[in-house]
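Worksheet: one structure, shown below.
A quick note: this is a predicted structure, and the numbers were derived from the prediction, not measured. Computation of the quantities below employed the complete heavy-atom set of this structure, encompassing side-chain atoms and omitting hydrogens, waters and symmetry-equivalent molecules. When a ligand or atom number is given, it counts from 1 through the structure's own listing order.
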Amino acid sequence: GGGGGGGGGVKKKLSLKLSNAVRPLVVVHFIRSQRARNFYIVGGITSSMITMDDIIREGNPTLREVAKEVPFPLSEADIQLGKDMMEFLENSQDPVKAEELNLRGGVGLAAPQLDISKRITAVLVPSSDPENPEPEFKDVLYNPKILSHSVQEACLGEGEGCLSVDREVPGYVVRHARITISYYDMQGKKQKVRLKNYAAIVVQHEIDHLNGVMFYDHINEKNPFSLKGGILVID
Ligand code: N9Y
Ligand code: NI
C-alpha cells in the first residue's frame, strides 16, 4: 500500500485527440477510479479496514458476475475478509465511527461489492426491539443457499438502496417473505437458519449480489410502486 495519503477521489481523465475520421462511435469508459485498499499485515494475516472507497459502484462489471463458491477449509484470507466485512457493518452502524470514517450505514455487504467475486456476505440486522441489544441476525455467510421459501412475498415500503448505487431508485422490490437458508460460518460450520420479513429481505439482497443481480432489476419500470394483491409491505 502506498501510505494511503490523501484518500480517494483521484479520478483519471482520459483525453484523446482524434481527428473526425477516426473518432469512435461509442466510447466505452470504464475507469477504475478506486484506490487500492491499504492492507496491513498482522501475524502473517493480511487485513484491512474497509471504507466506502473500497466499495465499487454500479457500472463496474464485477457487480454483474456470478461469484465463485469459496473452497473449504476456509483460507485465512477468506476468514479475515469476512471479519473485515463485519467490522465495516459494525463501524457503519456506530454513529461516531460512521461519521469519522464517512460511512453510509449498512445492514449487509457482499464480497463482489469489494470487487472480490466470491460467495461471501456479511449481514448485521440490528434488533427492532430497543429493549433488546441482540441483533436480529448477525453472521458472515460463506456459500449461502436458499433451501426453501414462502409463497408469501414481501417488500420494503421505502423500496431499497445499495451501497454500490449512488442514486435513489424508487420502487418496490418484491422478494420472498420468509426463507430457509444454509451457509457455512467463519468456523466452517454448516448453518441452517429461517429468516422472515426484514432480515429475509436483507439476505436476499445480499445473495442477489453473489449472482450479479441488483435490486433495481426487480423493479417494475413502468409502474415502480404497483403491487399485485397479497404482498406484505414492511414498515
Ligand atoms: C447495503 C444495503 C443492504 C440493504 C438494502 C435493502 C435491503 C438490504 C444497505 C443503501 C443505504 C441504506 C443502507 C441501509 C440501514 C438500514 C437499517 C439500519 C441501519 C448491501 N448493501 N443500505 N442500502 N442501512 N442501516 O448494498 O444496508 O439499509 O448489499
Ligand atoms: Ni447492495
(message) Parallel, tilted or perpendicular: which one describes the rings of His205 and Phe215, with boundaries at 30° and 60°?
(response) parallel
(message) Quiz question: by atom type and distance under 3.5 Å, do the side chains of Tyr142 and Glu69 form a donor-acceptor pair?
(response) no
(request) Please write down residue, atom name and distance for the protein heavy atom closest to atom 27 (O) of ligand 1. (result) Val107 N, 2.8 Å
(request) State whether the side chain of Thr121 and the backbone N or O of Leu109 hold a donor-acceptor pair below 3.5 Å, judged by distance alone. (result) yes
(request) In plain terms, say whether Lys97 and Glu90 are close enough for a salt bridge, that is, a side-chain N and a carboxylate O under 4.0 Å apart. (result) no
(request) Name whichever N, O or S atom of His205 ends up nearest to the Ni ion (ligand 2). (result) NE2
(message) Heavy atom to atom 1 (C) of ligand 1, shortest distance: which of Gly108, Ser128, Ala98 holds it?
(response) Gly108
(message) On a heavy-atom basis, I'd like to know which of Gly159, Gly105, Ser92 is closest to atom 12 (C) of ligand 1.
(response) Gly105
(message) Distance under 4.0 Å to a non-hydrogen atom of Cys162: what atoms of ligand 1 satisfy this?
(response) 10 (C), 23 (N), 26 (O)
(request) Check each atom of ligand 1 against the heavy atoms of Tyr198 and keep those under 4.0 Å away; list them by number with element. (result) 16 (C), 17 (C)
(request) Would you mind telling me which of Leu124, Val203, Val202 makes a side chain to side chain contact (heavy atoms under 4.5 Å, CB included) with Phe137? (result) Val203
(request) Taking only heavy atoms of Glu206 into account, list the atoms of ligand 1 that are under 4.0 Å away from them. (result) 3 (C), 20 (C), 21 (N), 29 (O)
(message) Whether Arg119 and Glu206 form a salt bridge (side-chain N of Lys/Arg under 4.0 Å from carboxylate O of Asp/Glu) is what I want to check.
(response) no
(request) May I ask you to check whether over 12 heavy atoms, not counting those of Asp235, lie within 6.0 Å of atom CG? (result) no
(message) Taking distance alone, with N or O pairs closer than 3.5 Å, would you say Ser164 contacts ligand 1?
(response) no
(request) Report the nearest protein non-hydrogen atom to atom 26 (O) of ligand 1: residue, atom name, distance rounded to 0.1 Å. (result) Leu163 N, 2.9 Å
(message) So if I count the atoms of ligand 1 from 1 in the order they appear, which ones are less than 4.0 Å from some heavy atom of Glu160?
(response) 6 (C)
